[in-house]
There are 2 protein chains.
Amino acid sequence: MNQNAQVSRIQRGKRTEIRRENERVILDAAERVFAEAGYGGATMQLIADMAGLPKANLHYYFPTKEALYRQVVRNIFEIWLHAADTFDDAPGPVEGIGGYIEAKMEISRRHPFGSKVWASEVMHGAPVIQDYLETTLRDWTVGRMAVIQRWVDEGKMAPVDPRHLLYMLWAMTQHYADFGHQIETLNGGHPLTDAQWREATETVKSVILRGIGVV
Amino acid sequence: MNQNAQVSRIQRGKRTEIRRENERVILDAAERVFAEAGYGGATMQLIADMAGLPKANLHYYFPTKEALYRQVVRNIFEIWLHAADTFDDAPGPVEGIGGYIEAKMEISRRHPFGSKVWASEVMHGAPVIQDYLETTLRDWTVGRMAVIQRWVDEGKMAPVDPRHLLYMLWAMTQHYADFGHQIETLNGGHPLTDAQWREATETVKSVILRGIGVV
DNA sequence: AATTATGTTGACCGAATGGTCAGGTTGTGG
DNA sequence: CCACAACCTGACCATTCGGTCAACATAATT
């Protein structure tokens, strides 16, 4: 019975499980190495070492360095998009934008490597995910801009350009991940504590919400 | 006489002039290539091609790739620091912070490559300019935080955490350089026009200044 | 138990990269 | 005009990198 319980919970064939686990380990290691060294600076050997696997094994699961990188970037992009769920059902800018800031700050904290990979990719001209920018991200942006514009029209917030407001939100929240090293250095070399993260989030929220004329 | 005029204006010895000019050309090309490809992705050959010089000539002026990179980063850092001159003699937050935003937005526009190199360097853990972060930047930051805190104490602005306010300013202004490609893509593939840059600057300024309780 | 499909890995390869160097050219000071 | 110094560069080298492959090990299937 013990065996059955295990099988039904996790093991749907050991093969699939091995594959799932190895892909996860490799992707985690790759995300970190790509973030710390950049695409050009990252080597398959380094990723392999961090994953605890021989290099040839990486090429068994991901045919090329670019394919591996592509998968890492797409994973981040998914997380990134879902942060906007808070936007959709919000009755007004206080909950919508305030919640979005909180969600994105949380992502910066939980996924600093992914955020850096994304930033690096965009900074280098988005060679891999240009199509995503032109389709998914574009649609997403247009949709949220419409929501913000509606709030403006309904007098729920000051008449702020929705596009640049979105850019400001992205910039500030991602800054805490992408420039985390600089922030840490200016914090005496220590990572931000729980309280400091809360402080940062609250400061951003209060300045922005007051800045768009709510509260 | 024509010869004398030229000599007195630019040529203080042709040798020094050649050196100055070549170093400038190399540094410009390097800044661009490092920004677009990252440190690891940049090659001396690529920089040489962009500078229109043979690769061996680069090594004559800059012994190693790292030395060249180091010089590029330091040049950016200098520009970056000078943007805060507006801070010093300002009577209050409207002029001080408003002027700082304008100055940094202008830098993002004029030196997009440099900004990206800086961002890349910090994102990768500042391997080259860590000492600068710990000394120059730290002192700079402490100084400006004091100015902001004084404005708060004098009741000239809302009680906003100076440190996080500075981070917000850096984040938003640099975003327009570092994520310029994303912004351009979302702008239909066209670079921001003069009017759009003004719009961006004004939006950032108005939201922030209102957000810190002035105007 | 035998056969097949999937996973594993050390050894290897061609290409590219950072850097060197010898032998040249050009400017400069005497 | 000469000699020295600064500048220039094609050819070259050692190293490293992404990627391949053959041989092997393990799991699934019949």
Any donor-acceptor pair under 3.5 Å from A:Lys65 side chain to A:Ala42 backbone: yes
Whether A:Glu121 side chain and A:Ile129 backbone form a donor-acceptor pair below 3.5 Å: yes
Of residues 117-131 of chain A, the positions that come close to DNA chain C - non-hydrogen atoms, cut-off under 4.0 Å: none
Selected nucleotide, minimal atom distance to A:Tyr60 side chain, candidates C:dG7, C:dG19, D:dC8: C:dG7
B:Arg15 side chain, from C-beta outward: closest of D:dC7, C:dG7, D:dT9: D:dC7
Trace of the salt bridge (Lys or Arg N to Asp or Glu O under 4.0 Å) decision for B:Arg198 with B:Asp194: CA-CA 6 Å; B:Arg198 235 177 293 124; B:Asp194 285 6; 5.2 Å; no
Basic-acidic side-chain contact under 4.0 Å: A:Asp28, A:Arg24: yes
Nearest-0.5 Å distance that lies between atom NE2 in B:His124 and atom CD in A:Glu36: 10.0 Å
Check ion pair A:Glu106-A:Arg109 (N to O, under 4.0 angstrom): no
Sugar-phosphate, base or nothing in reach of B:Ala42, heavy atoms under 4.0 Å: sugar-phosphate
Base of C:dG19 paired with side chain of B:Lys65 (donor-acceptor, under 3.5 Å): no
Closest listed nucleotide, where the reference is the side chain of A:Ala56 and the choices are D:dC8, C:dG18, C:dT9: C:dT9
Short side-chain N/O contact to C:dT8 OP1/OP2 from A:Asn22, under 4.0 Å: yes
